[in-house]
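Here is the structure we will look at, set down as structure tokens.
Labels below follow one simple rule: chain letters A, B, ... track the order of the sequence lines, proteins then strands, and each chain is numbered from 1.
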Amino acid sequence: MRFIKAVPQLILVPAAVLGAAALVLFLIGAAQDYLYPPEHGPREYASIEEAGDELGFRVVVPTYFPSYLAWPPGVIRGQLLPSSRVETVYNAPNGGYPVLVISQVVADSDELPVPLPWVREVLEERAVVIGENRGTRLTATGEDGQPLNGAYWRSGGFYFIVVTSRAASELLSIASSM
Amino acid sequence: MLFFNSFWGHYFTQAVVYSIVTLAVVETLVAAWRLREALARIKLRFLALLLPVACPPLFFLIYPPRHDFSFREQVALLDINTWLRLELGGGIAVWHLAAAGLGITAIVFLARDVLPIVRHYLGRRHLSFPIVEEGRFPRLDAALAGLPEKAAIPRPAVRLSPDKLPVAYTSGRGTLVVSAAMIDLLDDDELRAVTGHEIAHLSRRVGWISRALLVLRWLQGYNPLAILVFHLIVNDSEKLCDDMAAGYSGRRLSLTSGLLKIFQRSTGETLPEVEIRRPVKPVNGLEDVANRNLVKERIKRIVHGDAAGVPYPNFRVVVTGVMLAALLFLIV
């Protein structure tokens, strides 16, 4: 009985102190957005590291990196607002044409958050397992009519979209290595 | 900045920020609950050492998406990395200062904590001190009589320090080191009270506290806040041993006068307020002042019997720990 009488004081005091601490933390977090508002709209980055630092998340790069891709990526384009995303375009070596595009979009919903890059018309879609994630593999035609292979899936709070002009087997190797 | 985006970078910065938050909350609660009992304070303050170490891996295990960008953007109360990236001007960002802080703390930790302990274990100076056989100092034997039983430990090995100053400390497992100067300086009651304090250090309870404290301190050699918490708990441990010694000997005031005599003989100082105000020496000044203040605080506490317990101390620790963990979960 004595314990029950004491419980409110035993719980309310730490609850009040922690509530005040939470408020202070929230205000500190909000103060930064207020003092240094993040930039709106897309911009290009000079490197993967710069993009990661600016955007605040790790920009995923495939570990399977065949010789028909040049490093570093030809284009690294991203934005924080209105929705955080980054798109990296990999060209063929020696200033060649674009071969691979990877979109990494912060998203919670199951719906595809952005249009499929390079794709004019989707010809076929089928379910596929990429690493530990279930996703969708597609064949499509590009803006210039060339055949494309693509895949998209969700993982770790991101939507990943990979589109390449290379074969489907290469697409799956690249996607699985991300 | 790459380092702060890595696993260990996240871990170190989270641990430091968790220490700041936990320490602020714990010290506010110590004041709000008027916690005077040393053991209750130790338990609560241990949260400020334990949670920063344990929470990051625990959170990762129970909820891996917590590291996702969407969690940081939409759920978290505070995203530490957004502050780390902040440019202060002149090419300096917050993460430069954070890296410097972690580095300096790690160097201080190595110099002040690691090297002395390594030297101590390599040297084992106290092991070269002669063992004091029973009967050599009958007054010491009388002072020790019954104390180990009260602390539920075997009789400690007593070694004689050649120090000309009055010293008494415990070292290694079950070793009590005393100097002849201390035995000569104190009267029988004071000697029993002071040795009771040292025996308390050897007790199982205080032994566990010391070991846990050392492990948590060593795990956070990079964390400046951990140094502060460590010293607060060490001071509380001294007070806990005072309480235990007073319980063993039943002579609170003898412990006070014993402490005062040792302090005055060791430092050549007295403790009145006028003495405390003397200018601080630049080298060991802060440590001297801290030591003097601790002795003052302990004496005041023993004299006034200012150690009344609060009800349900363990429940308070558990409730605070759970609530703090919930708050820390929202800091990424």
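Closest heavy-atom contact between B:W33 and A:L10: CZ2-O, 3.8 Å.
Applying a 4.5 Å heavy-atom cutoff, the residues of residues 313-325 of chain B that approach chain A are B:F315, B:R316, B:V319, B:T320, B:M323, B:L324. Contact annotation for residues 13-28 of chain B against chain A (heavy-atom separation below 4.5 Å, listed by residue number): B:V21, B:V25, B:T28.
By the neighbour-count criterion of 12 heavy atoms within 6.0 Å, atom CD of A:E111 is sparsely surrounded, having that number or fewer from other residues, nucleotides or ligands. Around CD of A:E132, the count of heavy atoms belonging to other residues, nucleotides or ligands within 6.0 Å does not exceed 12. Within a 6.0 Å radius of CZ in A:F26, no more than 12 heavy atoms belonging to other residues, nucleotides or ligands are found. The number of heavy atoms from other shown groups lying within 6.0 Å of CZ (B:F60) does not exceed 12. In this structure, A:R120 places its CZ atom where more than 12 heavy-atom neighbours from other residues, nucleotides or ligands lie under 6.0 Å away.
Looking at B:W83, both its backbone and its side chain come within 4.5 Å of chain A, counting heavy atoms on both sides. At a 4.5 Å heavy-atom cutoff, the contact between A:A15 and chain B is made by backbone and side-chain atoms alike. When heavy atoms are compared at a cutoff of 4.5 Å, A:L55 approaches chain B solely by way of its backbone atoms N, CA, C and O. For A:V106, the part lying near chain B is the side chain, with the backbone staying farther off; criterion is any non-hydrogen pair under 4.5 Å.
A:I28 CD1 to B:I331 CD1: the interatomic distance, rounded to the nearest 0.5 Å, is 9.0 Å.
Contacts with chain B were tallied for A:V24, A:V7, A:L18; A:L18 has the most, counting heavy-atom pairs under 4.5 Å. Of the listed residues (A:A21, A:G157, A:A16, A:G29), the one with the most heavy-atom contacts under 4.5 Å to chain B is A:G157.
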